[in-house]
Amino acid sequence: MEQPRPLILVDVDGVLNPARSHAPGYRRHWVFPGGLAHQLLLNPSHGPILTELAEMAGAELVWASYWRNRANTWVAPRVGLPPLRFVPIPPRWRPPTRSTPGSWKARHVAMWVAQRPFVWFEDDADAVSCPAGQPGLGRHLMVKVDPVTGLTGSHVEHARAWLHDLYQ
């Protein structure tokens, strides 16, 4: 039986758009999704790095962000990514009892991903801890990214090693 193609899920804010990174290569961009001004700090080397990771693993890159499809317009071209599918996370967080925006997001990601193996680059600690408790979820690796510094080479290497070992 053929194994399902793994997913590489990518958050935007805190991962590709850190709060303040002093690493070389970042550039500031003003974007206007929905007519609202946002300043993004993006690194154009992230797209090629993520694309190479996906190609090496035979994986599909997918947005897992509240940016949803807007990431294809405002983020993807600035980091060197083509348009990607996105997890349909409801744009409005509705707090059930003792829920956080991160756990809300993680539940929707888990429902969408289901049994497919995945790596998720995410900065929200609640989102990172939540998938382990989701029933029926496939094999996965949560890569916790510091929202101040954003995605680094060590995050990508951690994912690369896990994806390499996935079907060994």
Enter the distance from [X]:[atom1] to [Y]:[atom2] here, rounded to the nearest 0.5 Å.
X      : Y      : atom1 : atom2 : answer
Arg139 : Trp162 : CZ    : CH2   : 6.0 Å
Glu122 : Ser65  : CD    : OG    : 8.0 Å
Phe86  : Leu9   : CZ    : CG    : 13.5 Å
Leu163 : Met56  : CG    : CE    : 5.0 Å
Leu41  : Asp13  : CG    : CG    : 11.0 Å
Leu50  : His155 : CG    : NE2   : 12.0 Å

* Taking the six-membered ring for Trp and the single ring otherwise, decide whether the centroids of Phe121 and His46 are under 6.0 Å apart. =>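 Aromatic pair excluded; centres sit 6.0 Å or further apart.
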* Aromatic centroids of His38 and Trp67 separated by under 6.0 Å ->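 Yes, the ring centres sit under 6.0 Å apart.
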Nearest heavy atoms of [X] and [Y], plus distance in Å:
X      : Y      : answer
Pro4   : Pro117 : CG-CD, 3.7 Å
Ala57  : Pro6   : O-CG, 3.9 Å
Pro88  : Arg68  : C-NH1, 3.5 Å
Tyr26  : Thr149 : OH-O, 3.6 Å
Val79  : Pro48  : O-CD, 3.6 Å
Leu141 : Ala159 : CD2-CA, 3.9 Å

* To do: Treat each ILVMFWY residue as a node, draw an edge where side-chain heavy atoms are under 4.5 Å apart, and state whether Ile49 and Val15 are in one component.
  =>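 In one cluster with Ile49: Val15, yes.
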* If you group Ile, Leu, Val, Met, Phe, Trp and Tyr by side-chain heavy-atom gaps below 4.5 Å, do Trp74 and Leu36 land in one group? ->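 No, separate clusters.
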Does [X] use its side chain to pair, donor to acceptor, with the backbone of [Y] at less than 3.5 Å?
X      : Y      : answer
His158 : Val156 : no
His108 : Lys105 : no
Arg20  : Val148 : no

* Crowded around Arg5 CZ? As in, over 12 foreign heavy atoms under 6.0 Å? ->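 For Arg5, atom CZ is crowded (more than 12 foreign heavy atoms under 6.0 Å).
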Does [X] reach the side chain of [Y], with side-chain heavy atoms less than 4.5 Å apart?
X      : Y      : answer
Ile89  : Tyr66  : yes
Val62  : Val10  : no
Val119 : Val143 : yes
Val75  : Leu42  : yes
Gln39  : Arg28  : yes

* Output, in order, the C-alpha distance, side-chain angles, deciding distance and verdict of side-chain hydrogen bond (donor to acceptor under 3.5 Å, both in side chains) for Asn72 and Trp63. => CA-CA 9 Å; Asn72 287 322; Trp63 297 117; 2.8 Å; yes
* Asked: Excluding sequence neighbours, so at least two apart, what forms salt bridge (charged side-chain N to carboxylate O under 4.0 Å, His left out) with Asp123?
  ->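 With sequence neighbours excluded, Asp123 shows a salt bridge (charged side-chain N to carboxylate O under 4.0 Å, His left out) to no residue whatsoever.
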* **Set of salt bridge (charged side-chain N to carboxylate O under 4.0 Å, His left out) partners for Glu60, sequence neighbours left out** =>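 By the salt bridge (charged side-chain N to carboxylate O under 4.0 Å, His left out) rule, Glu60 matches Arg85, Arg116.
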* Please test Leu7 against Trp112 for side chain to side chain contact (heavy atoms under 4.5 Å, CB included), starting from the C-alpha separation and ending with a verdict. => CA-CA 11 Å; Leu7 300 170; Trp112 188 82; 3.8 Å; yes
* Asked: Please walk me through it: do Asp124 and Lys144 pass salt bridge (Lys or Arg N to Asp or Glu O under 4.0 Å)?
  -> CA-CA 8 Å; Asp124 188 308; Lys144 172 72 170 88; over 6 Å; no
